[in-house]
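Below is one structure, written out as structure tokens, with a few remarks after it.
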Amino acid sequence: MSQAIIDVRGVSKAFGGVIANHEVSLKVEPGKITGLIGPNGSGKTTLFNSIVGQYPIDGGSILFEGQEISRMNVQEIARLGMLRTFQQTRIFSKMNCIQNLLISVPHRKAAWRNMFGKHSPELIEKAERLLEFVGLYSKRKLVAGSLSFGQQKLLEFAMALMNEPKVLLLDEPTAGINPTLINGLIDRLKRANQEFGITLFVIEHNMRVIMNLADQIYCMSHGELLASGSPDEIRDDQRVIDAYLGAH
């Protein structure tokens, strides 16, 4: 049984003749915040897509809580407790914020609907608490499409929290967000990790963000794992510096 909550072992993925991931191995420790960095085109998002079941891998294995998941689909993996967010938000723009959270809960959790299909007061209260947690309570009845892009990302984060995931994979959570909102987002990610016990695995281009957020950081380049270590170790790693500055 793996000690890591996510254990990626020698994973490879190609699209035609283009190798996106080549024998990538890494571990995400339970209860921690793990970062994944690398230049554009280094294979980070492909790896995320493979971990959550969106892409079938060509080689290697992926374990979640010690269970092989590399042949499972997205829905099967989500039921185990692993969810992800995307660079571009996936919200219901014509619904209000409360409705977005309520509809994000799978229908299989039938207990939250009564015989008339109405949401329970308990579920509505939970949605309101999470909107307050991400700073959107005052906008709870506004349609999601009227929110700023940064607020939509916070809404998507709250939608994920509604499902009480064990692990949440976040792809570029600060991309496109007004710089004045970034510190608040960092704080909420840390609080979700600490207060809700959710393990976070984060792709992030903003080096200041990832250095302040992650306990452990992996760096990819050209589809391969380049380096790993603490934020201080990664900051001083010449291989990482060269990858970002374009040296070879």
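Values in this document were obtained by computation on a predicted structure and should not be read as measured data.
One N or O on the side chain of N212 and one on the backbone of R208 form a donor-acceptor pair closer than 3.5 Å. Checking side-chain atoms of N21 against main-chain N and O of G43 turns up a donor-acceptor pair under 3.5 Å. Side-chain N or O atoms of T199 include one that pairs as donor or acceptor with a backbone N or O of G31 at under 3.5 Å. Of the possible donor and acceptor atoms, none in the side chain of K166 sits under 3.5 Å from a partner among the backbone N and O of E65.
By the 6.0 Å contact criterion, CD1 on I19 is open, its count of non-hydrogen atoms from other residues, nucleotides or ligands being 12 or less.
A side-chain contact (heavy atoms from CB on, under 4.5 Å) with I198 holds for exactly one of V167, L161, N193, I33; it is L161.
Taking CD of Q151 as the reference point, atom CG of L185 lies at 12.5 Å (rounded to 0.5 Å). Put simply, CG on D215 and NZ on K32 are 5.0 Å apart, with the number rounded to the nearest 0.5 Å. Atom OG1 of residue T85 and atom CE of residue M159 lie 11.0 Å apart, to the nearest 0.5 angstrom. Atom CZ of residue F201 and atom NZ of residue K27 lie 13.5 Å apart, to the nearest 0.5 angstrom. Interatomic distance, OG of S61 versus CZ of R9, reported as 5.5 Å (0.5 Å rounding). Between I37 atom CD1 and I234 atom CD1 the span is 5.5 Å, to the nearest 0.5 Å.
Cluster annotation: L155 is connected to I103 through the hydrophobic network of ILVMFWY side chains, with a link wherever side-chain heavy atoms come within less than 4.5 Å. Under a hydrophobic-cluster definition in which Ile, Leu, Val, Met, Phe, Trp and Tyr are linked whenever side-chain heavy atoms come within less than 4.5 Å, directly or via other members, V24 and F48 are assigned to the same cluster. Each of V143 and M95 belongs to its own hydrophobic cluster when Ile, Leu, Val, Met, Phe, Trp and Tyr are linked at side-chain heavy-atom distances under 4.5 angstrom. Under a hydrophobic-cluster definition in which Ile, Leu, Val, Met, Phe, Trp and Tyr are linked whenever side-chain heavy atoms come within less than 4.5 Å, directly or via other members, M162 and L147 are assigned to the same cluster.
Pairs of residues two or more places apart, or lying in two chains, never qualify as ring-ring contact (aromatic ring centres under 6.0 Å, His included) while including a residue from residues 162-191. Residue pairs meeting the ring-ring contact (aromatic ring centres under 6.0 Å, His included) criterion with at least one member in residues 127-146, sequence neighbours excluded, are F133-F196.
Within the 4.5 Å cutoff, the side chain of I57 has heavy atoms near those of the I62 side chain. Between V8 and I51 there is a side-chain heavy-atom pair separated by less than 4.5 Å. You'll find the side chain of S104 reaches within 4.5 Å of the side chain of N163, heavy atoms only. Contact annotation: the side chain of L136 approaches that of L131 to within less than 4.5 Å [non-hydrogen atoms, C-beta and beyond]. F149 places none of its side-chain heavy atoms less than 4.5 Å from the side chain of N178. In this structure, L189 and L168 have side chains that are not in contact, with every pair of non-hydrogen atoms separated by 4.5 Å or more. Inter-residue side-chain proximity for M220 and L226 is flagged as unmet; no heavy-atom pair is nearer than 4.5 Å. Considering only heavy atoms from C-beta on, I217 stays 4.5 Å or farther from R235 through its side chain.
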side-chain contact (heavy atoms from CB on, under 4.5 Å) evaluation trace for T46 with N49: CA-CA 5 Å; T46 296; N49 288 337; 5.5 Å; no
Evaluate side chain to side chain donor-acceptor pair (under 3.5 Å) for D58 paired with S12, printing each intermediate quantity in order. CA-CA 6 Å; D58 299 325; S12 296; over 6 Å; no
Walk me through whether R140 and E132 qualify under salt bridge (charged side-chain N to carboxylate O under 4.0 Å, His left out). CA-CA 9 Å; R140 63 193 182 281; E132 185 174 10; over 6 Å; no
Test log, rule side-chain contact (heavy atoms from CB on, under 4.5 Å), inputs L170 and F157: CA-CA 9 Å; L170 300 112; F157 181 43; 4.3 Å; yes
Give the intermediate values and the outcome of side-chain contact (heavy atoms from CB on, under 4.5 Å) for residues Q54 and R84. CA-CA 11 Å; Q54 189 170 347; R84 69 161 294 183; 4.0 Å; yes
Take I69 and L63 through the test side-chain contact (heavy atoms from CB on, under 4.5 Å) and record every step on the way to the result. CA-CA 6 Å; I69 61 170; L63 282 71; over 6 Å; no
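Judged purely by distance below 3.5 Å, without hydrogens or angles, the side chains of S230 and D232 never pair a donor atom with an acceptor atom. Between the side chains of E204 and T174, at least one donor N or O lies within less than 3.5 Å of an accepting N or O.
Y55 shares a hydrophobic cluster with F15; the chain of contacts runs through ILVMFWY side chains whose heavy atoms sit under 4.5 Å apart.
With sequence neighbours left out, E195 forms a salt bridge (Lys or Arg N to Asp or Glu O under 4.0 Å) with R191. With sequence neighbours excluded, the residues that form a salt bridge (Lys or Arg N to Asp or Glu O under 4.0 Å) with K126 are E164. Remark: R239 engages D237 in a salt bridge (Lys or Arg N to Asp or Glu O under 4.0 Å) (not counting sequence neighbours).
The two atoms that bring Q3 and P30 nearest to each other are O-CD, 3.7 Å, heavy atoms only. The two atoms that bring A78 and L83 nearest to each other are CB-CD2, 3.7 Å, heavy atoms only. When all heavy atoms are compared, the tightest approach of I203 to P173 is O-CD, 3.2 Å. Across all their heavy atoms, S25 and G10 have their closest contact at OG-N, 2.7 Å.
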